[in-house]
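Have a look at the structure below before the remarks.
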2 protein chains.
Amino acid sequence: MAYTVGQVAKVARVTVRTLHHYDEIKLLSPSGRTAAGYRRYDDADLERLQHIRFYRELGFPLEEIAAILDDPTADPAAHLRRQHDLLTGRIGKLQEMVAAIEIAMEARRMELNLTPEERFEVFGDVDPDEHAEEARERWGDTEAYRVSTRRAAGYSKEDWLRHKAEQDDWNRRIVAALTSGRPADSAEAKALAEEHRQLIVRWFYDCSYEVHTGLADMYLADPRFTAYYETIAPGLAEYLAEAIHANAISRA
Amino acid sequence: MAYTVGQVAKVARVTVRTLHHYDEIKLLSPSGRTAAGYRRYDDADLERLQHIRFYRELGFPLEEIAAILDDPTADPAAHLRRQHDLLTGRIGKLQEMVAAIEIAMEARRMELNLTPEERFEVFGDVDPDEHAEEARERWGDTEAYRVSTRRAAGYSKEDWLRHKAEQDDWNRRIVAALTSGRPADSAEAKALAEEHRQLIVRWFYDCSYEVHTGLADMYLADPRFTAYYETIAPGLAEYLAEAIHANAISRA
DNA sequence: GCTTGACCCTCACGTCGCGGCAGGCCGGAG
DNA sequence: CTCCGGCCTGCCGCGACGTGAGGGTCAAGC
């Protein structure tokens, strides 16, 4: 029930120096000392340290942690609830970042560039300035920049032409399927959805069925992607999204 | 296409000082300067800054970020893939922490204490020491500590007795349902599952149907919780878990 | 042409959360 | 009694900026 600094450090995965520091700033002072001046920690100290570690892990400054832990109106259960909320919030934020990365990957794949503002949106809310004022320039005229980044991506010109040919071929075939009235859950449409996924895997990044259906939803939710598909054929975004979902389900 | 420090700082949500710092350590030097010595950033600089921000957000030291970004063998697409992987990894870690919090909440609810080692398990892998050597002492004899923490939780003695009565009543009724052979997806069992959830909500923490089914899985996966329910009645852990799932489905 | 205020520059010192080492005092095993 | 590992208290250093101080720059309005 009583532990030395070393023991505490080991079990809590912190260094002895850290415990000294916490003692110095009175964030966590051991409940007692031995005659020789050795720090003695008890179970309550360990519990406090666990909470400290938790908030620290989430990036809270030590001073704030002290305020949280010394708040007399918060019982232990409240701390657990708060931690639970914090975690789910963080997870949500990270999932948004994942979504942003997937957007970036798809934007790259479609040779569609993002404005600087869009590229940083993931890191927080934008102050509702103009924002879409200069939205026109995101579609055009940066051909030179595109070419340069394309070179940087490590593809040779021939690779790129081959990919473009495959992509064009696929485009033609899905437009044919759409205009000929084949339902989006038909075997043919599903096969085209699967080909779409394979195209991504071969040329860009590993795209599981889960990620693929995520993309499908994105095509509908994000006007930039919807617009991209709509320029190929009206109704294509929705058709493709449905086919992707049907394909994913039938492969599960 | 050309930005001043202030403009970059605004769009990237960093301070001017940070940009100065990145310039000092040559992590991100503006592509040019004006005659007066003003820093001028271009789109490529912004792209680099975006990556820097990303890795920084995930806690990477600047030096390492420089190494990652200056690695000539990594094309832009590879960065996106890497970032995607990093994020999903982080999410996984946070979800484990959520699970640990839920365990802690349930452990608290059941008056079951965790050993110090268990309490810190969430923060990383344990070196496979003895670990369960002294597992016996986690079940017993810390009555005094329990009482003290219970007081700290803000419940009065009467509150606690009322809760205990409710809990005992529920215990009796679910054991009756189990032994009388009522199927776990019967209306009666589902009602008892719902009561279980309400009991948690009233006395401990907000427990959605989602969290509730999470608990059900935990009762089966974690021997500590299984053992707890088994001591009340053999087969109860499984029965309750099934009833909780059935209840959650029928409420969805 | 001149002021004014917002923006930019370069030092340079301060802060936070420790890491790491020096120099010295315990404490139990042999 | 003597080790060796562990503990103690300074104290300096570092990474990633924050925060002025002291001074030049630029576009807008008079």
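Every chain is numbered from 1, with letters handed out A, B, ... down the list of sequences.
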Testing the basics here: between [X] and [Y], what is the closest heavy-atom pair and its distance to 0.1 Å?
X        : Y        : result
A:Ala237 : A:Tyr219 : CB-O, 4.5 Å
A:Leu220 : A:Thr226 : O-OG1, 3.6 Å
B:Arg39  : B:Pro30  : CG-CG, 3.2 Å

### Task
On the 0 to 90° scale, with breaks at 30° and 60°, tag the A:His79-A:His51 ring pair as parallel, tilted or perpendicular.
tilted
Below 3.5 Å between N/O atoms, which protein atoms pair up with nucleotides 6-9 of chain D? Just atom names and distances, please.
unit_1: D:dG6; atom_1: N2; unit_2: A:Tyr38; atom_2: OH; d: 2.7
unit_1: D:dC7; atom_1: OP1; unit_2: A:Thr4; atom_2: OG1; d: 2.8
unit_1: D:dC7; atom_1: OP1; unit_2: A:Gly6; atom_2: N; d: 3.0
unit_1: D:dC8; atom_1: OP1; unit_2: A:Arg39; atom_2: N; d: 2.8
unit_1: D:dC8; atom_1: OP1; unit_2: A:Arg39; atom_2: NE; d: 2.8
unit_1: D:dC8; atom_1: OP2; unit_2: A:His20; atom_2: NE2; d: 2.9
unit_1: D:dT9; atom_1: OP1; unit_2: A:Arg33; atom_2: NH1; d: 3.2
unit_1: D:dT9; atom_1: OP2; unit_2: A:Arg39; atom_2: NH2; d: 2.2

#### Entry: A:Glu63, CD: over 12 other non-hydrogen atoms inside 6.0 angstrom
no
### Message
Tell me whether B:Glu210 at atom CD has more than 12 heavy atoms from other residues, nucleotides or ligands lying less than 6.0 Å away.
### Response
no
### Minimum side-chain heavy-atom gap A:Arg90-B:Arg90 below 4.5 Å
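No; the side chains remain at least 4.5 Å from each other.
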### Side chain to side chain, B:Asp43 and B:Tyr3, heavy atoms closer than 4.5 Å
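The answer is yes, as the side chains (C-beta and beyond) meet within the 4.5 Å cut-off.
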Set out, line by line, the N/O atom pairs under 3.5 Å between protein and nucleotides 16-19 of chain D.
unit_1: D:dA16; atom_1: OP1; unit_2: B:Leu62; atom_2: N; d: 2.7
unit_1: D:dC17; atom_1: OP2; unit_2: B:Tyr22; atom_2: OH; d: 2.9
unit_1: D:dG18; atom_1: OP2; unit_2: B:Thr15; atom_2: OG1; d: 2.7
unit_1: D:dG18; atom_1: N7; unit_2: B:Arg17; atom_2: NE; d: 3.4
unit_1: D:dG18; atom_1: O6; unit_2: B:Arg17; atom_2: NH2; d: 3.1
unit_1: D:dT19; atom_1: O4; unit_2: B:Arg17; atom_2: NE; d: 2.8

### Message
In this structure, how many angstroms lie between the P atom of C:dC7 and the CG atom of B:Leu19, rounded?
### Response
15 Å
### Query
To the nearest angstrom, how far is B:Tyr3 atom OH from C:dC7 atom P?
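It works out to 18 Å between those atoms.
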